Each structure stands twice: as C-alpha cells, then as structure tokens.
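Notes follow the structure.
Keep in mind that what you see is a predicted model, and the values were worked out from it rather than measured.
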Amino acid sequence: MAGHAHDHAHGHDDHLDGEEDFHVSYKGYATGFILSVILTAIPFWLVMAKVLPSPKMTGFIILGFAAVQMVVHMIYFLHMNAKVEQGWSMLALVFTAALVVIMLSGSVWVMYHMNTNMMPTPDPAAMRNM
C-alpha cells in the first residue's frame with residue numbers, strides 16, 4: 001500500500017490513459033514470429049520455384065508480402081495500435097507513410113520526366129569513330 005501511495009505522489013495513476021487493454025505476451029511474440037517466417041518463406045518460394053509467369057508480377061506480389069510483413073512487425077513487435085499513447089503513435093506512422101509516398105512518387109515522376117525531356121544523345125557508335 002505504501003508503494004501505491006508513493007506512485008500517486010509522483011503523478012502515476014492506476015490507469016494508463018487507454019493502454020489498460022494492451023499487454024505484451026510471449027504468445028504475441030510467437031504469433032508475430034510465425035507470421036514473419038511464413039511471410040518470408042512464401043516470397044522466397046515464389047522466386048526460387050518461378051511459380052508466376054512474369055518477373056514483374058512476381059515483384060509486385062513480393063512487394064505486397066513485404067507490406068503485410070511490415071504491418072505484422074509494427075503490430076506484434078513494435079506494439080503499435082490505436083490504443084497505445086492515445087493513438088498518437090499510429091497517427092505519426094500514417095503521417096510518415098504519407099510523406100514517404102509523396103516524396104518517392106514525386107522523385108520517380110521528376111526522374112521520368114527529366115529522362116524523357118533530355119536532349120537526345122548522338123549514336124555511341126558514331127562517337128567512337130570521331
């Protein structure tokens with residue numbers, strides 16, 4: 001009881017501001033680990049067995065598995081959800097993801113248009129004969 005009174009004296013409350021339902025367990029870590037192994041093994045098998053007809057399709061499917069695996073890591077290992085820190089960590093993640101998408105798509109767009117709008121270069125074979 002003395003420790004309980006000591007916590008209140010230093011500003012610690014019994015509630016965790018919305019985190020009371022969230023706890024870390026070995027079962028959660030085991031689930032995350034198993035999902036991570038599965039989400040790694042399937043793309044590895046897709047590439048090694050050449051299951052899909054085109055490399056482009058294989059690449060897109062692997063990117064999909066990578067996105068799902070990132071979500072698994074965030075939930076099971078980084079413990080991010082809407083309840084932790086009253087949702088601020090999830091909001092920060094969404095904002096960061098939006099910025100990354102804007103920066104990457106803008107960079108690809110600029111590089112594509114710079115490549116298509118550059119002056120044509122002469123034929124490399126003609127340059128060797130000079």
Side-chain angles (χ1 to χ4, degrees):
M1 187 72 175
H4 185 69
H6 180 70
D7 286 343
H8 283 291
H10 287 289
H12 297 133
D13 291 283
D14 286 338
H15 62 82
L16 299 173
D17 294 329
E19 296 180 31
E20 62 272 355
D21 294 334
F22 181 74
H23 63 280
V24 179
S25 68
Y26 289 114
K27 182 181 177 186
Y29 281 123
T31 303
F33 176 74
I34 290 169
L35 287 173
S36 296
V37 169
I38 291 169
L39 292 170
T40 300
I42 291 173
F44 186 79
W45 171 74
L46 287 174
V47 171
M48 295 305 290
K50 297 182 179 169
V51 175
L52 300 173
S54 75
K56 192 178 274 190
M57 182 187 302
T58 303
F60 282 122
I61 290 176
I62 289 173
L63 285 175
F65 275 103
V68 171
Q69 191 167 43
M70 285 175 22
V71 172
V72 166
H73 282 247
M74 287 186 293
I75 292 171
Y76 288 100
F77 300 123
L78 297 177
H79 312 296
M80 295 182 75
N81 61 26
K83 294 178 184 175
V84 174
E85 296 178 13
Q86 297 176 344
W88 284 107
S89 60
M90 190 63 72
L91 184 64
L93 174 71
V94 170
F95 181 70
T96 302
L99 285 178
V100 167
V101 167
I102 290 168
M103 289 175 58
L104 286 177
S105 60
S107 297
V108 169
W109 181 76
V110 166
M111 289 188 287
Y112 172 77
H113 284 285
M114 293 222 18
N115 186 37
T116 57
N117 293 327
M118 288 184 70
M119 293 183 358
T121 58
D123 183 25
M127 293 291 287
R128 281 182 275 210
N129 295 332
M130 293 181 129

Any chain of hydrophobic side-chain contacts (each under 4.5 Å) joining [X] to [Y]?
X	Y	value
Trp109	Met114	yes
Val94	Val68	no
Val47	Ile61	no
Ile75	Leu93	yes
Met57	Trp45	yes

Rounded to the nearest 0.5 Å, how far apart are [atom1] of [X] and [atom2] of [Y]?
X	Y	atom1	atom2	value
Leu78	His73	CG	NE2	9.0 Å
Ile42	Gln69	CD1	CD	10.5 Å
Ile62	Phe44	CD1	CZ	10.5 Å
Leu35	Thr40	CG	OG1	10.5 Å
Leu52	Phe60	CG	CZ	12.5 Å
Ile34	Leu39	CD1	CG	12.0 Å

- Message: To check you understand the geometry: which heavy-atom pair defines the closest contact between Ser36 and Phe77, and what is its length?
- Response: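 Minimum heavy-atom separation between Ser36 and Phe77: OG-CE1, 3.7 Å.
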
- Could you tell me whether Tyr29 and His79 have their ring centroids closer than 6.0 angstrom?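 Ring centres of His79 and Tyr29 closer than 6.0 Å.
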
- Query: Side chains of Leu46 and Phe65: does their closest heavy-atom pair fall under 4.5 Å?
  - Reply: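 Side-chain contact under 4.5 Å: yes.
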
